[in-house]
Amino acid sequence: MMSEIVQVVKVGIADMNVVKAPHVIRTCGLGSCVGVVVYDLAKEVAGMAHVMLPDSSLAKSEKMNVAKYADTAIEELVRRVIGAGGRNGHLKAKMAGGAQMFQFRTGTTDMMRIGPRNVEAVREQLQRFRIPIVAEDVGGNSGRTIEFHPKTGMLLIRTVNQGVREM
């Protein structure tokens with residue numbers, strides 16, 4: 001019997017994708033960005049978005065990238081996961097990222113708190129779709145790479161200088 005070929009589907013910055021087991025999905029370079037996974041474990045389907053900014057009202061161009069903003073990315077991610085076989089009411093979420101990558105000595109304005117704001121915005125959107133967050137690794141000031149396995153529901157998180165964690 002031949003073993004299945006497992007592909008690693010990569011998700012770029014301000015991008016999203018959907019994958020079915022046995023394949024895995026990964027995104028790198030999560031600093032202040034948030035990597036969010038929405039999945040249906042029984043159906044072995046998962047979607048991942050690499051969210052850069054909290055709110056699409058910040059968009060300047062007419063041709064907007066929906067994956068870039070928490071409010072538009074979560075909605076589209078849910079739509080795609082359901083389109084790939086996920087079931088509304090059975091979806092769960094895991095997320096990582098939202099680091100405060102730069103330390104400011106003088107008064108930190110809300111605009112500079114992009115990591116924490118991304119985390120809050122992703123949480124709000126998941127709540128809007130009634131999707132429970134079952135695990136998260138957010139904040140801090142280190143970059144992360146995450147990889148999700150839809151067959152097991154395991155999220156591997158590689159944090160700069162801290163090794164690998166499983167959630």
Quiz item: Can you list the steps and then say if K151 with E44 is a salt bridge (Lys or Arg N to Asp or Glu O under 4.0 Å)?
Solution: CA-CA 5 Å; K151 189 161 195 71; E44 298 184 351; 3.3 Å; yes

Quiz item: When rounded to the nearest 0.5 angstrom, what is the spacing between OG1 in T27 and CD1 in I146?
Solution: 6.5 Å

Quiz prompt | Distance in Å, Q7 CD paired with K20 NZ, rounded so as to fall on 0.5 Å steps | solution = 14.0 Å

Self-check item: Same apolar cluster: M16 and I133, side chain cutoff 4.5 Å
Solution: yes

Quiz item: With R158, which residues qualify under salt bridge (charged side-chain N to carboxylate O under 4.0 Å, His left out), at least two apart?
Solution: none

Quiz prompt | Listed partners of N88 passing side chain to side chain donor-acceptor pair (under 3.5 Å), at least two apart | solution = none

Self-check item: Nearest heavy-atom neighbours spanning L41 and P150
Solution: CD1-O, 3.5 Å

Quiz prompt | CD-CG distance between E166 and D137, expressed to the nearest 0.5 angstrom | solution = 13.0 Å

Self-check item: With V9 via side-chain contact (heavy atoms from CB on, under 4.5 Å) - residues at least two apart
Solution: N17, V19, I25

Quiz prompt | Closest contact, heavy atoms only, A14 versus A67 | solution = O-CB, 3.4 Å

Quiz item: Are any of the side-chain heavy atoms of V37 and M95 separated by less than 4.5 Å?
Solution: no

Quiz prompt | Verify same cluster id: F129, V119 (apolar side-chain graph, 4.5 Å) | solution = yes

Quiz item: Measuring from R117:CZ to S32:OG, what's the distance to the nearest 0.5 Å?
Solution: 10.5 Å

Quiz item: V18 and V78: same hydrophobic cluster, using ILVMFWY side-chain contacts below 4.5 Å?
Solution: yes

Quiz prompt | side chain to side chain contact (heavy atoms under 4.5 Å, CB included) between R26 and M48, intermediate numbers included | solution = CA-CA 8 Å; R26 176 192 296 157; M48 181 185 285; 5.7 Å; no

Practice problem: State, with a plain yes or no, whether a side-chain heavy atom of T159 is found less than 4.5 Å away from one of S142. | Solution: yes

Quiz item: Can V38 be reached from I82 by stepping across I, L, V, M, F, W or Y side chains whose heavy atoms are under 4.5 Å apart?
Solution: yes

Quiz item: Among pairs that include at least one residue of residues 31-58, which meet ring-ring contact (aromatic ring centres under 6.0 Å, His included), considering only residues two or more places apart or in two chains?
Solution: Y39-F148

Quiz item: Heavy atoms, side chains only, cut-off 4.5 Å: are V122 and I74 in contact?
Solution: yes

Self-check item: Spatial distance of atom CG (N141) from atom CD (Q100) [nearest 0.5 Å]
Solution: 8.5 Å

Exercise. Sort and list the pairs that fulfil ring-ring contact (aromatic ring centres under 6.0 Å, His included) and have at least one residue in residues 4-31, not counting sequence neighbours.
Key: none

Self-check item: For D40, salt bridge (charged side-chain N to carboxylate O under 4.0 Å, His left out) partners two or more places apart
Solution: R87

Quiz item: Would L77 and V36 count as a side chain to side chain contact (heavy atoms under 4.5 Å, CB included) if you check the C-alpha gap in whole Å, the side-chain angles of each, and the deciding distance to 0.1 Å?
Solution: CA-CA 9 Å; L77 189 60; V36 59; 4.2 Å; yes

Quiz item: How far apart are the closest heavy atoms of A70 and P54, and which atoms are they?
Solution: CB-O, 3.4 Å

Quiz item: Excluding sequence neighbours, so at least two apart, what forms salt bridge (charged side-chain N to carboxylate O under 4.0 Å, His left out) with K10?
Solution: none

Quiz item: Under 4.5 Å between side-chain heavy atoms, hopping through other hydrophobics if needed: is there a path connecting V11 to L155?
Solution: yes

Self-check item: Closest non-hydrogen atom pair, G12 against D15
Solution: O-CB, 3.0 Å

Quiz item: With sequence neighbours excluded, what pairs up with R128 under the side-chain contact (heavy atoms from CB on, under 4.5 Å) test?
Solution: E75, Q125

Exercise. Starting at SG of C33, measure out to CD1 of I114 and round the result to the nearest 0.5 Å.
Key: 9.0 Å

Exercise. List, by chain and number, the other hydrophobic cluster members for V164, where Ile, Leu, Val, Met, Phe, Trp and Tyr join if side-chain heavy atoms come within less than 4.5 Å, directly or indirectly.
Key: M154, L156

Quiz item: Sequence neighbours excluded, which residues qualify as side-chain contact (heavy atoms from CB on, under 4.5 Å) partners of Q127?
Solution: none

Quiz item: Do V51 and K68 have side-chain heavy atoms sitting under 4.5 Å apart?
Solution: no

Quiz item: Do NZ/NE/NH1/NH2 and the carboxylate oxygens of E76 and R79 come within less than 4.0 Å?
Solution: yes

Exercise. Considering non-hydrogen atoms only, spot the tightest contact between G85 and V45 and give its length.
Key: C-CG1, 4.2 Å

Practice problem: Output all residues satisfying side-chain contact (heavy atoms from CB on, under 4.5 Å) with T72, sequence neighbours left out; order by chain, then residue number. | Solution: S56, M64, V66, Y69

Quiz item: Could you give all pairs that pass the ring-ring contact (aromatic ring centres under 6.0 Å, His included) test and reach residues 77-100, with sequence neighbours left out?
Solution: none

